[in-house]
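Labels below follow one simple rule: chain letters A, B, ... track the order of the sequence lines, proteins then strands, and each chain is numbered from 1.
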2 protein chains.
Amino acid sequence: MYRLLVADDHPLFREAMVAVIARGLSGSETLEAASLAAALEVVAQHDDLDLALLDLGLPDAEGLSGLAQLRQAVPWLPVVIVSAEQHKHTILEALNLGAVGYIPKSTPRDTLLVALQQILAGQVYLPPDIMRTGSPPASPTAPLKHHPLTSLTDKQREVLAHMVKGESNKMIAYRLDIAETTVKTHVSAILRKLRVSSRVQAILLASERDDGIR
Amino acid sequence: MYRLLVADDHPLFREAMVAVIARGLSGSETLEAASLAAALEVVAQHDDLDLALLDLGLPDAEGLSGLAQLRQAVPWLPVVIVSAEQHKHTILEALNLGAVGYIPKSTPRDTLLVALQQILAGQVYLPPDIMRTGSPPASPTAPLKHHPLTSLTDKQREVLAHMVKGESNKMIAYRLDIAETTVKTHVSAILRKLRVSSRVQAILLASERDDGIR
DNA sequence: GTTAGCCTCCTCCCTTGGTAGGAGGCGCCG
DNA sequence: CGGCGCCTCCTACCAAGGGAGGAGGCTAAC
């Protein structure tokens, strides 16, 4: 059903997680990585993954830098943080880096399964105490789902439409009669909202489901 | 501005043609060839040509076989026939072989210039009397646009396949286990052969007809 | 043997793309 | 009214893309 990557340096914890997945998400496939380097290698060779579970305690990744690297390498892959740490600041920072959820290691099995299903369904999962503090930074659930394009503003969609045609920032600026710096601003916003890291990826994503575009 | 090849075995005519180009398309560069062999040699060493003007009376080419050979060698290069002959059958056959135009040697200078500009702009030019006879055979521009991908080398196609997936030069280098500078070399060659000026355009072109890719 | 094409890699240089951060104007809504 | 989101534009800075040119190695063809 799903293909997941479990990145954790503790073999025991990894196995436990895999077991939970195997039982709760029957038919799913799990890959494992004991380090960030291994995880990067795995995702490099599997572009059909649905979700990555990333531990924050990996030996070769300083805290959230691992998340940043993973997001950088494969922006299309949803990543959920699995960590013993539960500081609010860390959690919010992870979300800012594009994580789609944050699962404390203390989470009981049943809850864990619910969290995974929720995330695989396109929702964001956060520990209850964070959820209670009201809406986090900017994007709880809606923008992630099927229509990331709908979260774009009119102008951003307009710029994206020109990007899709293969035009450069300069040309778009000329066509829309705005400054190139303004185009850059829009492009940056588009990349952030679409959760990608280059204009090419944005274009591929947009033309894939160009429902909302032109 | 443009880089043209004039292939004709009459020095006088060649010079006249070059003069017309120099005056009408300022900034353009012209290369000359007195035989088909010479022309093939020139195009083999210059993959940045924009257009070739091919005379049908070359000593080492029997009629349209010269066009066939040239098209075979460098499918990405638009070729316009320049000939004294004006038989309808010959003209249609030339178009079938992928020529982008047919200019009678009797064409006055002004008209000649218009024809060249029209062709360089991506149009097809035919002598007025042929144009009047309605639609050309079956393929005005088709054969030209269909083949560019086939002119790529294996490695270039491989690189292009990764570009299409939205990967950066660095990532492609990693995947193919070659240096990033090498990837850049390939990308440059691809852009030149596909006659586009940015990777985005190359990707759009390739994914449009990704028949040969992947 | 020599030649030609391809792949590989390099350096130098410039353009483009993208981020960060700030700023002013405008319109909408509580 | 004040606040908020959006559009606009800016500076400054860094990363990535791309061109020009050269160079070595390799294989296939002549």
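- Qualifying salt bridge (Lys or Arg N to Asp or Glu O under 4.0 Å) partners for D60(B), counting only residues two or more places apart in sequence or in other chains: none.
- Taking A34(B) as the reference, R14(B) meet the side-chain contact (heavy atoms from CB on, under 4.5 Å) condition, with sequence neighbours excluded.
- The closest side-chain heavy-atom distance from S188(B) to T185(B) is not below 4.5 Å.
- Here the side chain of S28(A) pairs a donor or acceptor atom with the backbone of L25(A) at under 3.5 angstrom.
- Applying the side-chain contact (heavy atoms from CB on, under 4.5 Å) test to A16(B) and every residue at least two apart in sequence or in another chain returns nothing.
- Residues satisfying the side-chain contact (heavy atoms from CB on, under 4.5 Å) criterion with L51(B), sequence neighbours excluded, are L4(B), L53(B), P78(B), V80(B), V100(B), L116(B), I119(B), L120(B).
- Contacts between residues 177-184 of chain B and DNA chain D, defined by a heavy-atom separation under 4.0 Å, are made by K184(B).
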Where protein sits on nucleotides 20-30 of chain D, one letter per nucleotide: B base, S sugar-phosphate only, - none, heavy atoms under 4.0 Å: -----------
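- With sequence neighbours excluded, no residue forms a salt bridge (Lys or Arg N to Asp or Glu O under 4.0 Å) with D110(B).
- Counting to the nearest Å, the C1' atom of dT19(C) and the CG atom of L194(A) are 17 Å from each other.
- For E29(B), the side-chain contact (heavy atoms from CB on, under 4.5 Å) partners at least two apart in sequence or on another chain are R3(B).
- With sequence neighbours left out, the salt bridge (Lys or Arg N to Asp or Glu O under 4.0 Å) criterion links R109(B) to no other residue.
- In this structure, K193(B) places its NZ atom 11 Å from P of dG5(C), rounding to the nearest Å.
- Between the CG atom of D154(A) and the P atom of dC6(D) there is a distance of 10 Å, rounded to whole Å.
- The rotation axes computed at either terminus of the helix from dG1(C)-dC30(D) to dG30(C)-dC1(D) lie 30° apart, taking five pairs at each end and rounding to 10 degrees.
- dT8(D) atom P lies 8 Å from atom CD of E158(A), rounded to whole Å.
- Phosphate proximity of dT8(C) to H186(B): present, with a side-chain N or O under 4.0 Å from OP1 or OP2.
- Here side chain to side chain donor-acceptor pair (under 3.5 Å) pairs that include residues 174-184 of chain A, with residues two or more places apart or in two chains, are E167(A)-R175(A).
- Distances were taken from every side-chain heavy atom of K155(A) (C-beta onward) to each of dT19(C), dC7(D), dG18(D); the shortest belongs to dC7(D).
- Remark: P of dG17(C) and CG of L160(A) are 15 Å apart, rounded to the nearest angstrom.
- The nearest whole Å value for the distance from the CD1 atom in I190(A) to the P atom in dT19(C) is 11 Å.
- Within residues 166-176 of chain A, the residues approaching DNA chain C are S168(A), N169(A), K170(A), by heavy-atom distance under 4.0 Å.
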